[in-house]
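For reference, the structure discussed in these notes is given below.
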Protein chains: 2
Amino acid sequence: MNKTIYDVAREAGVSMATVSRVLNGTAVVKDETKAKVQAAIEKLAYRPNAVARGLASKRTKTIGVILPDVSDLFHAEVLRGIEDIATMYQYHIILTNSDAREEREIDLIGTMWEKQVDGLIFISEQITKEIVKTFEQAQLPVVLCATEDPEGRIPSVSIDNESAAFDAAQFFLSKGISSIAFIGGPTSHRVTMERRSGYERALSAAGQPLQDTLILHAPDMKYEGGLDTVDRFLQAGHRAEAVVAASDELALSYLNAIRDRGGNAPDDVLLIGFDNTRLSKMVRPDLTTVAQPTYDLGAVSMRLLTKLLNDEPIDDYTVRLPHSIIERASTDRG
Amino acid sequence: MNKTIYDVAREAGVSMATVSRVLNGTAVVKDETKAKVQAAIEKLAYRPNAVARGLASKRTKTIGVILPDVSDLFHAEVLRGIEDIATMYQYHIILTNSDAREEREIDLIGTMWEKQVDGLIFISEQITKEIVKTFEQAQLPVVLCATEDPEGRIPSVSIDNESAAFDAAQFFLSKGISSIAFIGGPTSHRVTMERRSGYERALSAAGQPLQDTLILHAPDMKYEGGLDTVDRFLQAGHRAEAVVAASDELALSYLNAIRDRGGNAPDDVLLIGFDNTRLSKMVRPDLTTVAQPTYDLGAVSMRLLTKLLNDEPIDDYTVRLPHSIIERASTDRG
DNA sequence: ATGAAAGCGCTAACAA
DNA sequence: TTGTTAGCGCTTTCAT
């Protein structure tokens with residue numbers, strides 16, 4: 001299979017430039033010669049070498065994706081969205097996990113440059129100055145996915161996390177519930193803090209005092225760490241009537257911690273999760289959740305990146321996708 | 001950042017060949033000149049262009065991963081294992097989803113060749129002749145992950161699915177249970193059929209007749225499709241005392257179908273899942289499951305591939321990782 | 001221990 | 001409409 005464009009040219013009795021033209025459609029080629037070339041390609045089972053092409057054209061048709069952890073359900077769903085649109089536009093994806101460590105993220109941006117990716121989709125917990133600087137040095141088109149740059153300098157696709165959490169808290173407040181807890185990731189996690197802000201704004205607007213003990217920060221957004229965090233909370237004798245969780249997994253942590261003590265939702269606590277991952281439908285009681293269009297977050301990010309890469313006109317560099325609350329059994333007392 | 005190796009050479013007052021040597025450590029360079037070169041690299045913030053390097057050396061330090069669907073928990077965990085080991089050996093990953101469609105898989109193998117990947121990790125539902133042929137044409141080192149080639153021609157890493165399912169069925173049989181159902185993916189799914197074989201062998205060995213109605217095939221290994229399949233089964237009035245499911249998600253389908261009818265496990269049915277995904281610990285009752293070392297499946301596959309790529313001696317081209325049954329609440333009647 | 005020079009397989013001017 | 005030719009930025013002989 002190590003044929004070159006020269007072999008095809010010879011076989012078809014034309015010059016390599018002509019072969020290149022029919023391959024890329026970059027210029028008009030007489031139908032007759034085009035047919036000859038295609039026949040030669042077919043006969044030799046020729047496949048163009050994308051690396052050589054990338055070197056010559058300075059475009060690799062490859063985009064880099066940097067995210068904390070693929071084995072996280074949310075990221076995996078986002079990634080699937082990215083990949084589908086990338087395929088649609090003939091791009092390939094180089095994937096790397098950063099574990100949300102800034103040092104590693106910065107390093108990865110560099111190696112993505114080495115790989116000559118045409119662009120980058122970046123998912124992280126926080127966009128630091130250091131990272132923005134690295135983007136600029138690398139001169140790579142970047143789209144932030146599921147986060148925003150605080151300064152708004154970098155194109156991004158996300159939801160309005162603050163108001164989404166506001167809505168979630170409001171959902172409970174409108175039922176006359178007063179003891180509402182919040183559980184999120186670490187305080188360094190931008191999305192967690194945005195959601196916490198929304199939660200706090202809703203409570204304040206309702207004239208409720210904020211209680212520190214009702215604000216929980218787990219080590220990350222995942223189930224396992226959340227379970228410990230909630231366990232300690234309950235162990236200390238604290239209780240909440242309702243919980244706004246910053247991820248479905250964290251909502252599940254609360255649910256199971258309660259359950260393992262003989263309680264359940266919605267009887268002993270009302271739960272609202274975040275993200276509408278498949279998980280939220282798979283547990284019983286199924287979880288009320290703030291639906292984030294997970295797949296679309298990835299798909300729209302990738303679409304935005306293709307626009308950036310092709311200099312297509314762009315309406316909005318900061319895209320906010322809609323969110324909504326999906327009511328299920330975890331908040332339904334009938 | 002678009003400096004070349006020539007810029008570095010000029011800055012350091014040496015030839016480009018020398019720069020290449022210190023970059024790759026391919027030959028001895030005097031400490032003094034090495035230092036000069038490194039200073040120049042530092043000063044210019046030079047990064048080698050991996051595409052040019054790939055063209056010249058014919059090795060891209062990139063491997064392709066073709067799998068059905070990243071948003072599937074099992075695949076995402078495997079992928080994480082692949083990625084970690086790849087990083088360790090300085091490889092990057094080009095990821096593509098095949099949706100388990102053979103036509104697309106064959107096409108993807110071709111585009112992976114175009115991308116000049118050094119090797120391939122392939123995860124699929126079935127390894128057809130057509131696919132094996134494509135591997136051979138592409139002349140790519142391949143490792144099959146979580147499946148095997150029926151002919152054993154292609155290196156692979158998996159568990160012994162047949163005996164794992166045998167063990168699962170045996171687990172129930174040893175408790176004196178006779179009405180044991182099996183639920184898996186479609187009959188075209190190789191892993192499903194291997195597991196079904198194990199299940200059937202166990203029943204036969206125990207002198208139990210196989211009942212067709214107790215063998216369920218869902219459209220895939222995921223929760224949603226399984227739910228429909230189980231619903232129809234229960235709707236038809238069928239019941240089982242215990243269920244061997246070919247994935248944790250399918251076990252969950254059965255659990256929720258029963259639950260939505262007011263039943264539960266382990267009271268009304270005993271459930272054993274497959275894969276020990278995080279999911280199995282996140283639901284209540286938590287699922288007894290046949291633990292497949294998911295992450296390791298990916299990690300070991302990637303390690304095997306690096307051996308293939310570096311002509312390291314290989315003990316075994318068909319690696320079978322150990323499985324085990326992890327007992328949890330879904331089979332525990334106390 | 002270092003340099004000169006020939007490719008790797010393609011794209012993209014520039015000619016014709 | 002087609003061919004010629006010069007790179008793209010590196011690795012890798014082959015000299016020295």
Side-chain angles (χ1 to χ4, degrees), chain A residues 1-38 40-41 44-62 90 110-118 138-139, chain B residues 1-38 40-41 44-62 90 110-111 113-118 139:
Chain A
M1 236 184 180
N2 32 13
K3 317 248 173 270
T4 75
I5 199 170
Y6 284 98
D7 298 318
V8 177
R10 191 178 323 113
E11 177 73 32
V14 298
S15 80
M16 51 148 341
T18 300
V19 177
S20 175
R21 285 180 190 113
V22 345
L23 240 31
N24 302 296
T26 45
V28 193
V29 176
K30 215 201 307 179
D31 280 352
E32 191 188 341
T33 48
K34 188 186 288 183
K36 278 195 300 187
V37 171
Q38 272 157 349
I41 289 175
L44 300 179
Y46 167 77
R47 288 258 188 180
N49 179 324
V51 173
R53 180 179 273 180
L55 182 59
S57 68
K58 298 180 156 294
R59 305 170 77 263
T60 55
K61 279 298 205 173
T62 302
Q90 319 248 53
T111 63
M112 286 298 184
W113 183 90
E114 291 188 1
K115 285 287 186 178
Q116 302 289 107
V117 296
D118 293 339
Q139 307 233 60
Chain B
M1 234 181 181
N2 31 14
K3 316 247 174 273
T4 75
I5 199 170
Y6 283 99
D7 297 319
V8 177
R10 193 178 321 116
E11 178 73 31
V14 298
S15 80
M16 52 154 332
T18 300
V19 177
S20 175
R21 286 181 189 112
V22 345
L23 240 30
N24 302 297
T26 45
V28 193
V29 177
K30 215 200 308 177
D31 280 353
E32 191 187 342
T33 48
K34 188 186 287 182
K36 278 195 302 187
V37 170
Q38 272 156 348
I41 289 175
L44 300 179
Y46 167 78
R47 289 260 187 178
N49 179 323
V51 173
R53 179 178 275 181
L55 181 58
S57 69
K58 298 180 158 294
R59 305 171 77 262
T60 55
K61 279 298 205 173
T62 302
Q90 319 248 54
T111 62
W113 183 90
E114 290 188 2
K115 286 287 187 179
Q116 303 290 108
V117 297
D118 294 339
Q139 308 231 61

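Throughout, a chain's letter reflects where its sequence line sits, starting with A, and its residues are numbered from 1.
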Rounded to whole Å, how long is the line connecting atom [atom1] of [X] with atom [atom2] of [N]?
{"X": "B:Glu32", "N": "C:dT2", "atom1": "CD", "atom2": "P", "result": "8 Å"}
{"X": "B:Lys36", "N": "C:dA1", "atom1": "NZ", "atom2": "P", "result": "15 Å"}
{"X": "B:Asn24", "N": "D:dT13", "atom1": "CG", "atom2": "P", "result": "13 Å"}
{"X": "A:Ile5", "N": "C:dA12", "atom1": "CD1", "atom2": "P", "result": "11 Å"}
{"X": "B:Trp113", "N": "C:dC10", "atom1": "CH2", "atom2": "P", "result": "7 Å"}
{"X": "A:Arg10", "N": "C:dG9", "atom1": "CZ", "atom2": "C1'", "result": "14 Å"}
{"X": "B:Glu114", "N": "C:dC10", "atom1": "CD", "atom2": "P", "result": "10 Å"}
{"X": "B:Asn2", "N": "D:dC8", "atom1": "CG", "atom2": "P", "result": "12 Å"}

Shortest side-chain distance from [X], nucleotide among [options]:
{"X": "A:Lys30", "options": "D:dT1, C:dT11, D:dT11", "result": "D:dT1"}
{"X": "B:Ser57", "options": "D:dT12, C:dT11, D:dG9", "result": "D:dT12"}
{"X": "A:Tyr46", "options": "D:dT1, D:dT2, C:dC10", "result": "C:dC10"}

Protein-nucleic acid N or O pairs under 3.5 Å, nucleotides 3-5 of chain D:
residue: D:dG3; atom: OP2; partner: A:Ser15; partner atom: N; Å: 2.8
residue: D:dG3; atom: OP2; partner: A:Ser15; partner atom: OG; Å: 3.1
residue: D:dG3; atom: OP2; partner: A:Thr18; partner atom: OG1; Å: 2.7
residue: D:dG3; atom: N7; partner: A:Arg21; partner atom: NH1; Å: 3.1
residue: D:dG3; atom: N7; partner: A:Arg21; partner atom: NH2; Å: 3.3
residue: D:dG3; atom: O6; partner: A:Arg21; partner atom: NH2; Å: 2.2

Seminar exercise, completed: Between B:Val14 and B:Val37 the two heavy atoms that sit nearest each other are CG2-CG2, 3.9 Å

Seminar exercise, completed: Closest non-hydrogen contact found for B:Ala40 with B:Ala12 is CB-CB, 3.8 Å

Please state whether the phosphate of [N], meaning OP1 or OP2, lies under 4.0 angstrom from any side-chain nitrogen or oxygen of [X].
{"X": "B:Ser20", "N": "D:dT11", "answer": "yes"}
{"X": "B:Lys58", "N": "C:dG9", "answer": "yes"}
{"X": "B:Arg53", "N": "D:dG9", "answer": "no"}
{"X": "B:Asn49", "N": "D:dC8", "answer": "no"}

Problem set entry | 5' priority, DNA chain C, between B:Val29 and A:Arg59 [closest heavy atom] | B:Val29

Exercise. So do the side chains of A:Val22 and A:Thr33 get within less than 4.5 Å of each other, counting heavy atoms only?
Worked result: no

For this session: With the side chain counted from C-beta on, respond yes when B:Thr111 and A:Arg47 share a heavy-atom pair under 4.5 Å apart, and no when they do not.
Result: yes

Exercise. If you measure from OG on B:Ser57 to CD on B:Gln116, what distance do you get to the nearest 0.5 Å?
Worked result: 10.5 Å

Exercise. Any sub-3.5 Å donor-acceptor pair from A:Thr62's side-chain atoms to A:Thr60's backbone N or O?
Worked result: yes

Problem set entry | Steps toward side chain to side chain contact (heavy atoms under 4.5 Å, CB included) verdict (B:Arg53, B:Leu23) | CA-CA 11 Å; B:Arg53 179 178 275 181; B:Leu23 240 30; 4.0 Å; yes

